[in-house]
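For reference, the structure is listed below as structure tokens.
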Amino acid sequence: MRLKSAIFVSALIRRCQVEGCYATLVRKGAEEAGAIFVKVASLDGTAALYGPAPQSAFDESFPADRKFSVLVAPGSPEAEADARIARELKFDPDIFVLEIEDRQGRHFLDLVE
């Protein structure tokens with residue numbers, strides 16, 4: 001069974017605080033299973049965006065893990081990440097959007113290779 005989206009987001013925000021970077025919930029999605037998108041702003045006008053990995057990326061022995069993939073590469077203009085979020089919202093209005101501000105670009109997510 002997968003951890004509820006709201007709990008995962010709260011834990012990620014807490015992790016950011018512990019590590020010394022700022023994180024805020026920009027948009028609250030569906031409590032139980034809303035898709036989670038994480039924007040990482042490097043505070044220099046660039047950003048990265050991470051979203052749910054495709055189902056094919058999950059290990060069958062751990063199907064409840066949350067894995068993410070790069071949607072907008074680190075170092076891209078921040079407007080590019082914002083535009084992608086806007087497109088995702090048109091497709092699914094029940095998404096979570098978390099923004100992390102970190103000069104080092106840390107995201108604290110499990111990424112698929």
Side-chain angles (χ1 to χ4, degrees):
M1 187 168 174
R2 183 182 275 188
L3 192 63
K4 290 182 181 180
S5 296
I7 294 172
F8 181 87
V9 168
S10 294
L12 184 56
I13 290 171
R14 182 72 153 149
R15 170 82 189 273
C16 291
Q17 292 170 342
V18 167
E19 296 291 339
C21 56
Y22 178 76
T24 188
L25 184 61
V26 176
R27 181 177 179 85
K28 185 175 181 183
E31 213 44 50
E32 299 285 324
I36 301 168
F37 292 84
V38 179
K39 176 182 164 187
V40 180
S42 299
L43 303 174
D44 62 357
T46 64
L49 182 65
Y50 304 92
Q55 276 305 117
S56 61
F58 288 87
D59 184 354
E60 289 181 23
S61 58
F62 297 102
D65 287 351
R66 285 202 186 264
K67 298 215 182 255
F68 292 82
S69 59
V70 177
L71 302 178
V72 175
S76 299
E78 195 166 350
E80 192 175 322
D82 292 335
R84 178 66 187 261
I85 291 169
R87 284 196 310 271
E88 293 292 342
L89 280 168
K90 286 181 184 176
F91 177 72
D92 180 8
D94 289 333
I95 66 172
F96 280 87
V97 178
L98 177 70
E99 184 167 341
I100 299 172
E101 292 181 351
D102 184 58
R103 292 188 191 285
Q104 298 171 37
R106 297 175 294 171
H107 50 74
F108 312 106
L109 301 168
D110 290 331
L111 298 179
V112 295
E113 299 296 317

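Nothing fancy with the numbering, it's 1 onward along the sequence.
There is no path of hydrophobic side-chain contacts, each under 4.5 Å, that joins V9 to F37. F68 and V26 end up in different hydrophobic clusters when Ile, Leu, Val, Met, Phe, Trp and Tyr side chains are linked at under 4.5 Å. Criterion: ILVMFWY side-chain heavy atoms under 4.5 Å apart, direct or through other members. Under it, Y50 and L43 are not part of a common hydrophobic cluster.
Salt-bridge formation is not detected for the pair D44/R103: no Lys NZ or Arg NE/NH1/NH2 atom is positioned less than 4.0 Å from an Asp or Glu carboxylate oxygen.
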Atom pairs and distances, donor-acceptor, side-chain atoms in residues 11-25, under 3.5 Å, two or more places apart:
{"residue": "R15", "atom": "NE", "partner": "E19", "partner atom": "OE2", "Å": "3.4"}

Side-chain atoms of residues 86-97: list all donor-acceptor pairs with protein atoms under 3.5 Å, sequence neighbours left out, distances to 0.1 Å.
{"residue": "E88", "atom": "OE2", "partner": "R84", "partner atom": "NE", "Å": "3.1"}
{"residue": "E88", "atom": "OE2", "partner": "R84", "partner atom": "NH2", "Å": "3.2"}
{"residue": "D92", "atom": "OD1", "partner": "D94", "partner atom": "N", "Å": "3.0"}

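S5 approaches G34 most closely through the heavy-atom pair OG-O, 2.7 Å. Shown here for E80 and V72, the closest heavy-atom pair between the two residues is OE2-CG1, 3.9 Å. Residues E31 and K4 share a closest heavy-atom pair of O-CB, 3.8 Å. Across every non-hydrogen atom of H107 and V40, the tightest pair is CB-CG2, 3.8 Å. Shown here for A53 and V112, the closest heavy-atom pair between the two residues is CB-CG1, 3.6 Å.
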Run the numbers on V38 and F108 for side chain to side chain contact (heavy atoms under 4.5 Å, CB included), then give the verdict.
CA-CA 10 Å; V38 179; F108 312 106; over 6 Å; no
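Between atom CG of residue L49 and atom NZ of residue K39 there is a gap of 8.5 Å, rounded to the nearest 0.5 Å. With rounding to the nearest 0.5 angstrom, the CG atom of L109 is 8.5 Å from the CG atom of L98. We find the CG-OG distance between D102 and S42 to be 7.5 Å, quoted to the nearest 0.5 Å.
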